[in-house]
Protein chains: 2
Amino acid sequence: MSSVVDDGDLTARAGIRNAALRLFAERGHDAVTVREIATAAGVSPALVVHHFGSKDGLRGAVDTHAIDAFDRVFAELDDHDVAEMLTGGEATTSVAEAFSRMLPPGSPLPAYLRRLLLTNDPAGAAIFGRWFGATRRLLDAMVTLGAARPSDDPDVRAAFLLVNDLAVILLRNQIATAIGDDPLTPAGLDRWARQASAIYLEGAFAAPPAEPPGSAPNTSNIPNEPPEEAPS
Amino acid sequence: MSSVVDDGDLTARAGIRNAALRLFAERGHDAVTVREIATAAGVSPALVVHHFGSKDGLRGAVDTHAIDAFDRVFAELDDHDVAEMLTGGEATTSVAEAFSRMLPPGSPLPAYLRRLLLTNDPAGAAIFGRWFGATRRLLDAMVTLGAARPSDDPDVRAAFLLVNDLAVILLRNQIATAIGDDPLTPAGLDRWARQASAIYLEGAFAAPPAEPPGSAPNTSNIPNEPPEEAPS
DNA sequence: CAATATACTAAACGCTTGTTCAGCAACCTT
DNA sequence: AAGGTTGCTGAACAAGCGTTTAGTATATTG
């Protein structure tokens, strides 16, 4: 329903910024030229620098615009998470879910977040730090409410959960081809959340002593590597 | 002990390739110039193209070189995992652990893998596909042996676990500043593996009905967002 | 209505880029 | 020792880059 992007803004300036956001997200800052951005926005290259001073200025404007949207997503996620937690619902609400809930399907923002986190620039570091703090606080609250097990290293556990969440966005394309569903669409997200919930609630691996000997029916093909060619 | 890189190779060609690998990993393919690579390798720019045909040819050579090393790491990891599983040890062996075990501390290979996976190029897609298949087969074997719980969506679960593992490499820097330890050093890796094992064995969240009502003491500051300024 | 500011463009400038070219040593051949 | 391949370089080239400049319409102001 509610979207974090308001594209009622149809000035040329906003058009340039949106075109740059999309191109930067798809191909990276360095691989995109000012002329390409101008063409995509339907203006002249000179207008780009007239509005933003330089290509780097445009990059900065796109950064703040995107980060603003990300923070709105995460704030909404935080509220949503706390609410679900208090009502005793599924506690596993993910960043990916918030993204697919609040962003239109073809939004370039997930890919831009990927660029932001990949390049070691301060904007990505700042947003990660803020999200880490929020995750840490949420987990603390869940522990005191009995909704999460206590941990002897809560910083690492918070980082672990946040990072697993972000990985869905970072590796979206690879995941999509591997499982046959885009994990940022409702269908893929549902499958993903099911497995995540199962693991976060009960774990994935069995404790070693609990193995029942003798009752191991073979399902199908077992582990041997297929013969990949291995050049020296 | 055993390293996957053999730098007994000190030809100028190998020197160029190593310098390019390091620079590409740190700053991305587009942001690095041929002249920079040549200077870093102590040769002239013309020698770079003499040996590799073009900058793109150099990129291809670096790609195959890196992918070769990655496959050796993953093959070793696979053996290691199966062995530990069969002896009943800790089943949670990670890609990150294999990296820190087999690569020298300052190796550019983790960062290069990050570029490969996040730039949508076919090399990254291929390596992810191969690793996904291996993870999937390993989990199947673990299930038949009783070392892992069965799953109703094994593809998604395998992708989930692989992706969580890769996230450590993708977000290494952000994790390091968040938890105060580089997760690819033995110290950070140990902390990380502890929390991962705990979650993968028992889960992180408590089942909802187990909540004891009335016993919820407040520890400190609870989840409200810090007052960030939000420009429209 | 004159004057000034704003939105915008075509053309060009200087610089950096990847790449080419001609030539120089050092090594094999035979 | 002559001839040729190999490893390597300095200098230059064309193309593409971000940016500047000069100028034109279209608003906005006094």
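The analysis underlying the following values was restricted to heavy atoms, covering all of them including side chains, and did not include hydrogens, waters or symmetry mates. Chain letters run A, B, ... following the sequence lines, proteins first, then strands; residues in each count from 1.
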Do any N or O atoms from the side chain of B:D155 and from the backbone of A:I179 form a donor-acceptor pair under 3.5 angstrom?
no
I need the CZ-C1' distance between B:F52 and D:dG7, as an integer number of Å.
13 Å
Provide, to the nearest angstrom, the distance between the CD1 atom belonging to A:I37 and the C1' atom belonging to C:dT9.
18 Å
D:dC8 OP1/OP2 closer than 4.0 Å to side-chain N/O of B:H51:
yes
I'd like to check the ring pair (Phe, Tyr, Trp, His ring centres under 6.0 Å) partners of B:Y112; sequence neighbours left out, ordered by chain and number.
B:H29
Using the salt bridge (charged side-chain N to carboxylate O under 4.0 Å, His left out) criterion, which residues pair with B:R114? Sequence neighbours excluded.
none
I'd like to check the salt bridge (charged side-chain N to carboxylate O under 4.0 Å, His left out) partners of A:D153; sequence neighbours left out, ordered by chain and number.
B:R191
Does anything in residues 41-61 of chain B form a salt bridge (Lys or Arg N to Asp or Glu O under 4.0 Å)? List the pairs, not counting sequence neighbours.
B:R59-B:D63, B:R59-B:D121
Nearest-Å distance for atom pair CZ/C1', residues B:R59 and C:dG18:
16 Å
Taking distance alone, no hydrogens or angles, what donor-acceptor pairs closer than 3.5 Å link side-chain atoms of residues 41-51 of chain B to residues at least two apart or in another chain?
{"residue": "B:S44", "atom": "OG", "partner": "B:L47", "partner atom": "N", "Å": "3.4"}

Between NE2 of A:H50 and C1' of C:dA11 the distance, given in whole Å, is 17 Å
Once base and sugar-phosphate atoms are separated, protein heavy atoms under 4.0 Å mark nucleotides 10-26 of chain D, 5' to 3', with B, S and - as B------BBSB------
Integer-rounded Å distance: C:dT20 P and B:L47 CG:
15 Å
